[in-house]
Amino acid sequence: MFYCGYRYFCTCFLQRLHKELHAHLNGSVSFSTIKKLVARKPHLNIEHGMTAIRSGQRRTLDECFQVFKVIHQLVDTEEDILMVAKDVIREFAADGVKYLELRSTPRKEKTTGMTKRRYVETVIEAIRQCKNEGVDIEVRFLVAVDRRNGAEVAMETVKLAEDFMLSTDGLVVGLDLSGDPTVGHGRDLLPALQKAKNCGLKLSLHLSEVPSQADESELLLNIPPDRIGHGTYLHPEVGGSQSLVDTVRKHNTPLELCLTSNVKGQTVSSYSQHHFLYWYQMGHPSVICTDDKGVFCTDLSQEYQLAASTFNLSQEDMWTLSQKAIDCTFAPDLKQQLHQKWLELRPTHFVLVK
Ligand SMILES: CNc1ncnc2c1ncn2[C@@H]1O[C@H](COP(=O)(O)O)[C@@H](O)[C@H]1O
Ligand SMILES: [Zn+2]
């Protein structure tokens with residue numbers, strides 16, 4: 001049972017059916033994996049406090065990006081990436097996630113000692129090993145473009161992602177656009193993103209994560225992407241615009257919403273102010289996600305519980321939210337199977353706690 005203000009709410013029933021659609025690999029590294037990495041590299045003098053933002057702590061988004069730099073120092077060999085990816089997949093499975101879309105940015109050769117191609121192959125190898133070991137989770141991969149690295153690298157990454165989409169039997173399903181949102185402009189990345197879309201990669205773009213990006217968002221929303229990461233400042237109440245909202249609605253583009261990430265990174269002032277409510281009340285497809293479960297010390301169950309307690313959602317509301325996430329996944333071959341599982345596990349009655 002989970003105590004949330006004025007009522008008890010049990011979300012463990014949902015744990016059997018989670019879907020996680022927005023998880024950055026190196027942001028998802030748990031404390032226990034960090035400990036193993038630190039033991040491998042004691043000379044770096046890195047402590048856990050430098051790789052995670054604990055309960056009650058807040059950071060600026062800029063400080064969050066410093067945290068990723070520290071983690072990247074710890075995860076810089078093929079062995080590290082394989083271990084990290086396997087640990088992350090197992091941890092999501094242990095949290096009841098049955099379908100996971102992981103995303104990660106192939107890094108420059110000189111920071112990892114391996115090519116970007118090898119980086120992606122290593123993550124794919126981790127997914128395959130988990131499957132062979134019987135970990136009860138379906139995993140798909142999105143290759144990430146870091147917006148800081150500009151147009152040329154973005155185009156190279158798209159080509160890499162396309163090659164893997166064609167050679168991995170559907171494990172690589174799409175492209176993510178992420179990285180420090182205050183750096184660069186989406187207009188420079190437009191040709192690469194359009195190429196990705198045209199070759200059949202699904203697109204998930206971090207959009208309007210920070211204020212004053214209406215121009216960029218308008219441009220990118222018209223591609224259109226297949227999902228939006230965050231979209232915190234799209235709606236007019238926070239300085240976005242009705243026309244941006246209309247475009248999202250017209251294309252019915254789902255939003256990936258990460259409550260704790262936004263609160264700890266201070267792009268949203270508190271849980272109750274989170275834009276989840278705006279989109280949820282409108283009935284717009286919205287999927288609860290973790291973003292970086294390691295850095296923000298959370299997991300998907302906790303994010304569902306937070307949404308339930310903050311916005312007074314009933315068990316049935318939560319179940320429906322979790323069900324609708326299936327339609328937002330990038331793996332068409334699995335949708336039917338996931339819906340079937342959902343039907344089998346759906347409780348015959350819900351506890352009324354409102
Ligand atoms: C907090 N909100 C966010 N906004 C934008 N990009 C983010 C992010 N959280 C994570 N990333 C992106 O994911 C990388 C770490 O995982 P990978 O090395 O790719 O596996 C970060 O360096 C950043 O590019
Ligand atoms: Zn993200």
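Reckoned from all heavy atoms, side chains included, excluding hydrogens, waters and symmetry mates.
Linking ILVMFWY residues whenever their side-chain heavy atoms come closer than 4.5 Å, directly or via other members, leaves Val153 and Val183 in distinct clusters. Hydrophobic clustering (ILVMFWY, side-chain heavy atoms < 4.5 Å, transitive): Ile124 and Leu82 are in distinct clusters. One hydrophobic cluster, built from ILVMFWY side chains closer than 4.5 Å, cannot hold both Met155 and Leu205; they sit in different ones. Residues Phe31 and Leu37 fall into different hydrophobic clusters, defined by Ile, Leu, Val, Met, Phe, Trp and Tyr side chains chained together at heavy-atom separations under 4.5 Å. Placement of Val88 and Val38 within a single hydrophobic cluster is found when ILVMFWY residues are connected by side-chain heavy-atom separations under 4.5 Å, directly or transitively.
Taking the side chain to side chain contact (heavy atoms under 4.5 Å, CB included) definition, one finds that Pro181 meets it with Leu61, Phe65, Glu209, Val210, Gln213, sequence neighbours left out. Arg58 is linked by a side chain to side chain donor-acceptor pair (under 3.5 Å) to nothing, counting only residues two or more places apart in sequence or in another chain. Listed by chain and number, the residues in a salt bridge (charged side-chain N to carboxylate O under 4.0 Å, His left out) with Arg118 are Glu78, Glu121 (sequence neighbours excluded). Remark: Glu47 pairs with Met50 by the side chain to side chain contact (heavy atoms under 4.5 Å, CB included) rule, at least two apart or across chains. Evaluation of the side chain to side chain contact (heavy atoms under 4.5 Å, CB included) rule for Lys335 yields Ile326, Thr329 as partners, not counting sequence neighbours. Residues passing the ring pair (Phe, Tyr, Trp, His ring centres under 6.0 Å) test with His274: none are found, sequence neighbours excluded. Scored by the side chain to side chain contact (heavy atoms under 4.5 Å, CB included) test, Ala325 finds Lys19, Val287 as partners (sequence neighbours excluded).
The stretch residues 163-183 participates, sequence neighbours left out, in these side-chain hydrogen bond (donor to acceptor under 3.5 Å, both in side chains) pairs: Arg103-Asp176, Arg117-Asp163, Asp176-Ser178, Asp176-His206, Asp180-Thr182. Residue pairs that meet the salt bridge (Lys or Arg N to Asp or Glu O under 4.0 Å) test with at least one member in residues 276-302, sequence neighbours left out, are Glu91-Lys293. For residues 212-225, the pairs satisfying salt bridge (Lys or Arg N to Asp or Glu O under 4.0 Å) are Arg147-Glu216, with sequence neighbours left out.
With respect to Asp87 and Arg90, a salt bridge is recorded, a charged nitrogen being found less than 4.0 Å from a carboxylate O. The existence of a salt bridge linking Glu138 and Lys341 is excluded, since no basic side-chain nitrogen approaches an acidic carboxylate oxygen closer than 4.0 Å. Taking the charged nitrogens against the carboxylate oxygens, Lys108 and Asp146 have no contact shorter than 4.0 Å, which rules out a salt bridge.
Phe141 contributes atom CZ, which lies 6.5 Å from atom CG of Leu102 (distance to the nearest 0.5 angstrom). Considering CD of Gln302 and OG of Ser55, their distance stands at 8.0 Å, rounded to 0.5 Å. To the nearest 0.5 angstrom, Thr298 atom OG1 is 6.5 Å from Leu306 atom CG. Interatomic distance, Ser286 OG to Glu256 CD, rounded to the nearest 0.5 Å: 11.0 Å. The CD1 atom of Ile228 sits 5.0 Å away from the OG1 atom of Thr253 when rounded to the nearest 0.5 Å. We find the OH-OG1 distance between Tyr119 and Thr105 to be 6.5 Å, quoted to the nearest 0.5 Å.
In this structure, Lys202 contributes its side chain and Asp226 its backbone to no donor-acceptor pair below 3.5 Å. Side chain of Asp95 to main chain of Ser301: a donor-acceptor pair is present (N/O by atom type, distance under 3.5 Å, no hydrogens or angles). Side chain of Gln57 to backbone of Arg54: a donor-acceptor contact under 3.5 angstrom is found. Under the 3.5 Å distance criterion, the side-chain polar atoms of Ser322 are left unmatched by any main-chain donor or acceptor of Met318. The main-chain N or O of Leu334 is never found under 3.5 Å from a side-chain atom of Gln337 such that the two would form a donor-acceptor pair. For the pair Arg148 (side chain) and Gly179 (backbone), a donor-acceptor distance under 3.5 Å is absent. Remark: side-chain polar atoms of Arg59 are not paired, donor with acceptor, to backbone N or O of Val67 under 3.5 angstrom.
A donor atom on one side chain and an acceptor atom on the other are found under 3.5 Å apart for Gln129 and Glu125. Between the side chains of Asp317 and Ser314, a donor-acceptor pair is found at a separation under 3.5 Å. At a cut-off of 3.5 Å, with distance as the only test, no side-chain donor of Ser204 or His22 sits close to an acceptor on the other residue. Looking only at atom types and distance, the side chain of Thr267 has no donor-acceptor partner in the side chain of Thr232 under 3.5 Å away. Neither side chain, Thr290 nor Glu303, offers a donor N or O lying under 3.5 Å from an acceptor on the other.
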Please assess Leu313 against Tyr280 for the test side chain to side chain contact (heavy atoms under 4.5 Å, CB included), listing each intermediate value before the final yes or no. CA-CA 11 Å; Leu313 304 181; Tyr280 181 75; 3.6 Å; yes
Go through the steps for Gln242 and Asp246 under the test side chain to side chain donor-acceptor pair (under 3.5 Å), then give the verdict. CA-CA 6 Å; Gln242 191 55 44; Asp246 291 344; 3.0 Å; yes
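Taking a 6.0 Å sphere around CD of Glu133, one finds it holds more than 12 heavy atoms contributed by other residues, nucleotides or ligands. With a 6.0 Å radius and a threshold of 12 heavy atoms from other residues, nucleotides or ligands, Lys116 has its NZ atom above the threshold. Under a cut-off of 6.0 angstrom, the local environment of NZ in Lys86 is crowded, with over 12 non-hydrogen atoms contributed by other residues, nucleotides or ligands.
Scanning both residues, Ala39 and Pro42, for their nearest heavy atoms gives O-CD, 3.4 Å. Ala307 and Ile288 make their closest contact through CB-CD1, 3.4 Å (heavy atoms, listed as atom of the first residue, atom of the second, distance). The shortest heavy-atom contact between Trp279 and Gly231 is NE1-O, 4.4 Å.
Using a 4.5 Å heavy-atom threshold, the side chains of Tyr278 and Val245 count as touching. Two residues are said to be in side-chain contact when any heavy atoms from C-beta on lie closer than 4.5 Å; Val263 and Gln273 fail this criterion. With a 4.5 Å cut-off on side-chain heavy atoms, Val139 and Cys130 do not count as touching. You'll find the side chain of Ile223 reaches within 4.5 Å of the side chain of Leu220, heavy atoms only.
Residues Val173, Phe330 make up the rest of the hydrophobic cluster containing Leu142, defined by ILVMFWY side-chain heavy atoms closer than 4.5 Å, directly or through other members. The hydrophobic cluster around Val238 extends to Tyr233, counting ILVMFWY residues whose side-chain heavy atoms fall within less than 4.5 Å of a member.
Just one residue in the list Ile89, Val84, Val75, Ile71 forms a side chain to side chain contact (heavy atoms under 4.5 Å, CB included) with Leu25, and that residue is Val84.
Taking the six-membered ring for Trp and the full ring otherwise, Tyr304 and His18 have centroids separated by under 6.0 Å.
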